[in-house]
Amino acid sequence: MDCGLIFYSARKTSFCERSLCKSFSELGLNLQNTAFAIDNKGVGSLIIDTFKKCNIIFIIANLSVDDKKGIKYILSNALSNVSVDECKKLKNDLGEDGYVIRAENQFMIVLPDEPEQIEAIMQGPIGRYILMK
């Protein structure tokens with residue numbers, strides 16, 4: 001399966017990408033494109049563009065930001081008028097939990113911008129989730 005990667009105001013981007021890509025081959029995922037956004041308008045445009053090419057998008061962001069610039073706030077507003085089939089928290093014992101959101105055959109996976117936490121989620125809950133679908 002082809003997937004896209006979006007960094008939204010993320011830190012340690014090269015380390016995060018390396019941690020994420022380690023798991024892709026095990027899950028049968030092929031990274032098609034990587035993009036970067038620094039504001040809510042940019043991340044929205046990138047999500048729309050990436051979903052035109054791939055059914056799975058990984059978003060790496062600082063999940064501890066809870067104001068209007070935070071990815072959780074942006075996505076909750078963006079998805080308020082979208083029929084979402086599933087929204088599931090991905091438990092992370094090392095820090096911020098990730099999320100998987102599914103609408104029909106499209107998946108958005110939101111992960112923290114810490115390489116160790118990405119690896120923990122990819123080897124645990126998200127790996128099992130993707131392999132089941």
Side-chain angles (χ1 to χ4, degrees):
M1 286 186 281
D2 292 340
C3 65
L5 173 58
I6 299 171
F7 289 102
Y8 173 65
S9 297
R11 304 165 291 172
K12 305 177 188 176
T13 55
S14 63
F15 294 114
C16 290
E17 185 173 16
R18 192 172 325 146
S19 293
L20 185 61
C21 288
K22 274 200 254 182
S23 302
F24 281 178
S25 62
E26 297 169 10
L27 299 172
L29 298 174
N30 302 309
L31 181 60
Q32 292 300 306
N33 65 313
T34 301
F36 301 86
I38 57 171
D39 59 23
N40 56 357
K41 197 178 215 180
V43 76
S45 295
L46 286 173
I47 290 169
I48 292 167
D49 291 345
T50 305
F51 269 138
K52 290 177 183 175
K53 303 169 195 159
C54 308
N55 284 341
I56 299 176
I57 296 177
F58 286 86
I59 299 176
I60 308 295
N62 183 345
L63 298 181
S64 63
V65 176
D66 287 330
D67 62 14
K68 292 183 178 184
K69 293 181 181 180
I71 192 69
K72 291 185 273 187
Y73 179 84
I74 292 167
L75 291 177
S76 67
N77 283 336
L79 297 171
S80 63
N81 294 323
V82 174
S83 178
V84 174
D85 296 317
E86 187 173 12
C87 182
K88 183 176 180 167
K89 188 180 278 192
L90 302 168
K91 187 73 176 131
N92 176 17
D93 294 331
L94 300 178
E96 293 285 333
D97 293 332
Y99 299 89
V100 62
I101 302 160
R102 181 177 64 84
E104 296 184 15
N105 67 338
Q106 294 182 315
F107 296 85
M108 185 182 315
I109 298 147
V110 183
L111 300 171
D113 61 349
E114 291 292 333
E116 301 82 21
Q117 294 181 36
I118 289 171
E119 287 182 27
I121 293 172
M122 290 300 291
Q123 293 170 1
I126 195 60
R128 289 189 297 271
Y129 187 86
I130 289 176
L131 291 173
M132 288 178 6
K133 298 300 174 189

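Just the heavy atoms: all of them, side chains too, but no hydrogens, waters or symmetry mates, feed the values below. Numbers for residues simply follow the sequence, beginning at 1.
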Closest approach of [X] and [Y], non-hydrogen atoms and distance?
X    : Y   : answer
N33  : K53 : ND2-NZ, 4.4 Å
L63  : D97 : CD1-O, 3.2 Å
G42  : A37 : C-CB, 3.8 Å
P115 : F15 : CG-CB, 3.5 Å
I59  : I57 : CG1-CG2, 3.9 Å
M122 : L27 : CE-CD1, 3.6 Å

Regarding E17 and T34, do their side chains bring together a donor and an acceptor under 3.5 Å, going by distance alone?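 Yes, side-chain donor-acceptor contact under 3.5 Å.
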
Please check if any side-chain donor atom of S19 sits under 3.5 Å from a side-chain acceptor atom of E119, or the reverse.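 Present: a donor and an acceptor within the cut-off.
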
To the closest 0.5 Å, what do you measure between [atom1] ([X]) and [atom2] ([Y])?
X    : Y    : atom1 : atom2 : answer
I118 : K12  : CD1   : NZ    : 10.0 Å
D93  : I121 : CG    : CD1   : 10.0 Å
I60  : N62  : CD1   : CG    : 12.0 Å
C16  : L111 : SG    : CG    : 9.0 Å
R102 : D85  : CZ    : CG    : 4.5 Å
E114 : L94  : CD    : CG    : 10.0 Å

With Q106, which residues qualify under side-chain hydrogen bond (donor to acceptor under 3.5 Å, both in side chains), at least two apart?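 Per chain and number, Q106 pairs via side-chain hydrogen bond (donor to acceptor under 3.5 Å, both in side chains) with no residue.
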
Any side-chain heavy-atom pair from [X] and [Y] closer than 4.5 angstrom?
X   : Y   : value
F24 : M1  : no
D2  : N55 : no
F58 : L31 : no
N77 : K68 : no
L20 : L5  : yes

Angle class for the F36/F7 ring planes (parallel below 30°, perpendicular above 60°, tilted otherwise)?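 F36 and F7: parallel rings.
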
Report the C-alpha distance between Y8 and I74 in whole Å, list the side-chain angles of each, state the deciding distance to 0.1 Å, and finish with yes or no for side chain to side chain contact (heavy atoms under 4.5 Å, CB included). CA-CA 11 Å; Y8 173 65; I74 292 167; 3.3 Å; yes

Suppose we call two aromatic rings close when their centres sit under 6.0 Å apart. Are F51 and F107 close by that rule?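 No, the ring centres sit 6.0 Å or more apart.
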
Is there a donor-acceptor contact under 3.5 Å from the side chain of [X] to the main chain of [Y]?
X    : Y   : result
Q117 : E96 : yes
D113 : R11 : yes
S76  : Y73 : yes

Can you list the steps and then say if C3 with N30 is a side chain to side chain contact (heavy atoms under 4.5 Å, CB included)? CA-CA 6 Å; C3 65; N30 302 309; over 6 Å; no

Would V82 and V110 show up in the same hydrophobic cluster when neighbours are defined by side-chain heavy atoms closer than 4.5 Å?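 In one cluster: yes.
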
Decide yes or no on side chain to side chain contact (heavy atoms under 4.5 Å, CB included) for K72 and D66, but give the supporting numbers first. CA-CA 7 Å; K72 291 185 273 187; D66 287 330; 3.7 Å; yes

Counting neighbours of CD1 on I38 that are heavy atoms of other residues, nucleotides or ligands and sit closer than 6.0 Å, is the number greater than 12?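 Atom CD1 in I38 is not crowded, with 12 or fewer foreign heavy atoms closer than 6.0 Å.
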
Working for side chain to side chain contact (heavy atoms under 4.5 Å, CB included), residues M108 and L75: CA-CA 10 Å; M108 185 182 315; L75 291 177; 3.6 Å; yes

